[in-house]
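Below is one structure, written out as C-alpha coordinates; comments come after it.
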Amino acid sequence: MLNAIATDTVIRDGRIAGAFPDEIHEGVAWWVAACFVVMSKARQMAVAHDGHPTTAEFHRRFCRGAINAQHLGCQVSSLGTADEAQLLHAMKALGSVPGAWLTTTGDGERLTITICLYDADGQPVTEDTGLARLREMIASDRVPIPVNDHAKGYITERRDLVEAR
(Lines give C-alpha, C1' and ligand atoms only; values in the text may rest on other atoms or scores of the structure.)
Protein backbone atom coordinates (compact mmCIF):
# COMPACT_ATOMS: atom_id res chain seq x y z
CA MET A 1 0.00 0.00 0.00
CA LEU A 2 1.32 3.42 -0.91
CA ASN A 3 1.64 5.84 2.02
CA ALA A 4 0.48 3.35 4.61
CA ILE A 5 -0.93 4.65 7.89
CA ALA A 6 -1.02 3.30 11.44
CA THR A 7 -4.64 2.17 11.21
CA ASP A 8 -4.93 1.35 14.92
CA THR A 9 -3.89 4.91 15.75
CA VAL A 10 -5.92 6.73 13.10
CA ILE A 11 -9.15 4.67 13.02
CA ARG A 12 -10.46 4.50 16.58
CA ASP A 13 -12.79 6.06 19.14
CA GLY A 14 -15.66 6.41 16.70
CA ARG A 15 -13.79 8.38 14.05
CA ILE A 16 -10.89 8.55 11.64
CA ALA A 17 -8.45 11.19 12.90
CA GLY A 18 -4.80 12.05 12.75
CA ALA A 19 -2.20 14.77 12.59
CA PHE A 20 -1.70 16.05 9.06
CA PRO A 21 0.56 15.19 7.29
CA ASP A 22 2.33 12.89 9.78
CA GLU A 23 -0.44 10.43 10.66
CA ILE A 24 -3.03 11.03 7.95
CA HIS A 25 -2.89 12.18 4.32
CA GLU A 26 -5.45 13.03 1.65
CA GLY A 27 -5.39 9.51 0.22
CA VAL A 28 -6.86 8.20 3.47
CA ALA A 29 -10.09 10.07 2.70
CA TRP A 30 -10.38 8.13 -0.59
CA TRP A 31 -9.69 4.82 1.16
CA VAL A 32 -12.19 5.49 3.94
CA ALA A 33 -14.93 6.54 1.51
CA ALA A 34 -14.46 3.57 -0.81
CA CYS A 35 -14.45 1.11 2.10
CA PHE A 36 -17.44 2.80 3.75
CA VAL A 37 -19.54 2.64 0.57
CA VAL A 38 -18.67 -1.04 0.08
CA MET A 39 -19.38 -1.88 3.73
CA SER A 40 -22.70 -0.02 3.83
CA LYS A 41 -23.60 -0.87 0.21
CA ALA A 42 -24.57 2.80 -0.09
CA ARG A 43 -26.09 3.90 -3.38
CA GLN A 44 -26.29 7.47 -2.11
CA MET A 45 -24.64 9.50 0.64
CA ALA A 46 -24.16 13.07 1.87
CA VAL A 47 -20.73 14.59 2.58
CA ALA A 48 -19.88 17.93 4.22
CA HIS A 49 -16.85 19.71 5.64
CA ASP A 50 -16.07 22.59 7.98
CA GLY A 51 -14.70 24.98 5.35
CA HIS A 52 -11.03 24.78 6.36
CA PRO A 53 -8.81 24.74 3.23
CA THR A 54 -7.12 21.50 4.29
CA THR A 55 -10.47 19.83 4.95
CA ALA A 56 -11.73 20.91 1.53
CA GLU A 57 -9.08 18.75 -0.18
CA PHE A 58 -9.89 15.77 2.08
CA HIS A 59 -13.57 16.34 1.23
CA ARG A 60 -12.82 16.28 -2.51
CA ARG A 61 -10.84 13.04 -2.16
CA PHE A 62 -13.55 11.48 0.02
CA CYS A 63 -16.21 12.19 -2.62
CA ARG A 64 -14.00 10.73 -5.37
CA GLY A 65 -13.39 7.57 -3.32
CA ALA A 66 -17.09 7.10 -2.69
CA ILE A 67 -18.09 7.29 -6.36
CA ASN A 68 -15.33 4.84 -7.31
CA ALA A 69 -16.28 2.09 -4.84
CA GLN A 70 -16.60 -1.15 -6.77
CA HIS A 71 -19.60 -1.08 -9.09
CA LEU A 72 -22.09 0.37 -6.64
CA GLY A 73 -22.48 3.64 -8.57
CA CYS A 74 -22.82 5.68 -5.39
CA GLN A 75 -24.36 9.12 -5.84
CA VAL A 76 -22.61 11.60 -3.53
CA SER A 77 -24.46 14.73 -2.49
CA SER A 78 -21.68 17.18 -1.71
CA LEU A 79 -22.98 19.80 0.72
CA GLY A 80 -19.75 21.79 0.77
CA THR A 81 -19.31 23.74 4.00
CA ALA A 82 -21.84 22.69 6.64
CA ASP A 83 -21.98 21.91 10.32
CA GLU A 84 -22.86 18.53 11.76
CA ALA A 85 -26.54 19.42 12.32
CA GLN A 86 -26.87 20.56 8.69
CA LEU A 87 -25.29 17.30 7.50
CA LEU A 88 -27.69 15.21 9.58
CA HIS A 89 -30.64 17.24 8.28
CA ALA A 90 -29.50 16.72 4.67
CA MET A 91 -29.02 12.98 5.22
CA LYS A 92 -32.62 12.72 6.38
CA ALA A 93 -33.91 14.99 3.58
CA LEU A 94 -32.22 12.74 1.02
CA GLY A 95 -34.18 9.75 2.31
CA SER A 96 -32.09 8.62 5.28
CA VAL A 97 -28.74 8.06 3.59
CA PRO A 98 -25.33 7.56 5.21
CA GLY A 99 -23.01 10.53 5.53
CA ALA A 100 -19.60 11.88 6.43
CA TRP A 101 -18.45 15.09 8.09
CA LEU A 102 -14.81 16.19 7.73
CA THR A 103 -13.16 18.75 10.00
CA THR A 104 -9.76 20.28 10.74
CA THR A 105 -8.62 21.53 14.13
CA GLY A 106 -5.36 22.99 15.38
CA ASP A 107 -3.02 25.75 14.40
CA GLY A 108 -0.86 26.08 11.30
CA GLU A 109 1.91 23.91 12.69
CA ARG A 110 -0.16 20.95 13.84
CA LEU A 111 -3.46 20.22 12.14
CA THR A 112 -5.71 17.31 13.04
CA ILE A 113 -8.06 16.01 10.38
CA THR A 114 -11.16 14.14 11.55
CA ILE A 115 -13.62 12.15 9.46
CA CYS A 116 -16.87 11.18 11.21
CA LEU A 117 -19.08 8.61 9.51
CA TYR A 118 -22.83 8.27 10.05
CA ASP A 119 -25.16 5.42 9.19
CA ALA A 120 -28.45 5.93 7.37
CA ASP A 121 -30.20 6.57 10.69
CA GLY A 122 -27.84 9.46 11.46
CA GLN A 123 -25.98 7.52 14.15
CA PRO A 124 -22.19 7.68 14.34
CA VAL A 125 -20.47 4.59 12.95
CA THR A 126 -18.69 2.96 15.88
CA GLU A 127 -16.23 0.15 16.37
CA ASP A 128 -19.09 -2.38 16.48
CA THR A 129 -21.07 -0.91 13.58
CA GLY A 130 -18.31 -0.69 10.99
CA LEU A 131 -15.08 1.03 12.08
CA ALA A 132 -13.40 -2.26 12.98
CA ARG A 133 -14.20 -3.68 9.54
CA LEU A 134 -13.13 -0.46 7.81
CA ARG A 135 -9.83 -0.47 9.72
CA GLU A 136 -9.23 -4.12 8.76
CA MET A 137 -9.96 -3.42 5.07
CA ILE A 138 -7.41 -0.60 4.99
CA ALA A 139 -4.82 -2.41 7.13
CA SER A 140 -4.98 -5.50 4.90
CA ASP A 141 -4.84 -3.40 1.70
CA ARG A 142 -8.36 -4.38 0.60
CA VAL A 143 -9.39 -0.88 -0.40
CA PRO A 144 -11.65 -1.12 -3.46
CA ILE A 145 -9.81 -0.14 -6.62
CA PRO A 146 -11.22 2.59 -8.87
CA VAL A 147 -13.80 1.51 -11.42
CA ASN A 148 -14.24 2.52 -15.05
CA ASP A 149 -16.29 5.57 -16.00
CA HIS A 150 -19.37 3.49 -16.84
CA ALA A 151 -19.51 1.86 -13.40
CA LYS A 152 -18.75 4.76 -11.11
CA GLY A 153 -21.22 7.03 -9.43
CA TYR A 154 -21.32 10.80 -9.54
CA ILE A 155 -21.03 13.84 -7.32
CA THR A 156 -23.81 16.43 -7.16
CA GLU A 157 -23.35 19.79 -5.44
CA ARG A 158 -26.27 20.15 -3.01
CA ARG A 159 -25.75 23.47 -1.24
CA ASP A 160 -29.54 23.86 -1.37
CA LEU A 161 -29.86 21.27 1.41
CA VAL A 162 -27.69 23.43 3.67
CA GLU A 163 -29.18 26.79 2.75
CA ALA A 164 -32.76 25.57 3.07
CA ARG A 165 -32.33 24.85 6.76
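In what follows, every heavy atom counts, from backbone to side chain, and hydrogens, waters and symmetry copies are set aside. All of these numbers come straight from a predicted model, not from anything done at the bench.
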Pairing residues for Phe36 by the ring-ring contact (aromatic ring centres under 6.0 Å, His included) criterion, not counting sequence neighbours
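Phe36: no ring-ring contact (aromatic ring centres under 6.0 Å, His included) contacts found.
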For [X] against [Y], the heavy-atom pair lying closest together:
{"X": "Leu72", "Y": "Ala42", "answer": "CB-O, 4.2 Å"}
{"X": "Arg15", "Y": "Leu131", "answer": "N-CD1, 3.3 Å"}
{"X": "Ala66", "Y": "Val76", "answer": "CB-CG2, 3.6 Å"}
{"X": "Met39", "Y": "Leu134", "answer": "SD-N, 3.5 Å"}
{"X": "Gly27", "Y": "Arg61", "answer": "N-NH1, 3.7 Å"}
{"X": "Ala120", "Y": "Ser96", "answer": "CB-O, 3.2 Å"}

Just do the side-chain contact (heavy atoms from CB on, under 4.5 Å) check on Thr9 and Thr7 with the steps written out, would you?
CA-CA 5 Å; Thr9 301; Thr7 53; over 6 Å; no
Any side-chain heavy atom of [X] within less than 4.5 Å of one from [Y]?
{"X": "Val47", "Y": "Ser78", "answer": "no"}
{"X": "Lys152", "Y": "Arg64", "answer": "yes"}
{"X": "Pro144", "Y": "Gln70", "answer": "yes"}
{"X": "Tyr118", "Y": "Trp101", "answer": "yes"}
{"X": "Glu26", "Y": "Phe20", "answer": "yes"}
{"X": "Asp119", "Y": "Pro98", "answer": "no"}
{"X": "His25", "Y": "Ile5", "answer": "yes"}
{"X": "Cys35", "Y": "Val143", "answer": "yes"}

Verify side-chain contact (heavy atoms from CB on, under 4.5 Å) between His52 and Leu111, making sure each step is shown before the conclusion.
CA-CA 11 Å; His52 190 283; Leu111 299 176; 4.1 Å; yes
Would you check, one step at a time, whether the test side-chain contact (heavy atoms from CB on, under 4.5 Å) holds for Met45 with Ser77?
CA-CA 6 Å; Met45 70 182 312; Ser77 294; over 6 Å; no
Residues passing the side-chain hydrogen bond (donor to acceptor under 3.5 Å, both in side chains) test with Arg60, sequence neighbours excluded, are Glu57
The criterion is side-chain hydrogen bond (donor to acceptor under 3.5 Å, both in side chains); which residues satisfy it with Thr156, sequence neighbours excluded?
none
To the closest 0.5 Å, what do you measure between [atom1] ([X]) and [atom2] ([Y])?
{"X": "Ile115", "Y": "Leu117", "atom1": "CD1", "atom2": "CG", "value": "7.0 Å"}
{"X": "Asp149", "Y": "Tyr154", "atom1": "CG", "atom2": "OH", "value": "15.0 Å"}
{"X": "Ile16", "Y": "Glu23", "atom1": "CD1", "atom2": "CD", "value": "13.5 Å"}

Only one of Thr55, Thr105, Thr114 clears side chain to side chain donor-acceptor pair (under 3.5 Å) with Asp50; which?
Thr55
Return yes if some donor-acceptor pair links the side-chain N/O of [X] with the main-chain N/O of [Y] below 3.5 Å, else return no.
{"X": "Asp83", "Y": "Ala85", "answer": "yes"}
{"X": "Arg159", "Y": "Leu79", "answer": "yes"}
{"X": "Arg133", "Y": "Gly130", "answer": "no"}
{"X": "Ser140", "Y": "Glu136", "answer": "yes"}

So if I apply the side-chain contact (heavy atoms from CB on, under 4.5 Å) rule between Phe58 and each of Thr104, Leu102, Thr103, which one comes out positive?
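For Phe58, the side-chain contact (heavy atoms from CB on, under 4.5 Å) check succeeds only for Leu102.
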Using the side-chain contact (heavy atoms from CB on, under 4.5 Å) rule, take His89 and Leu161 through it: C-alpha gap first, then chi angles, then the decisive distance, then the call.
CA-CA 8 Å; His89 171 77; Leu161 293 172; 5.7 Å; no
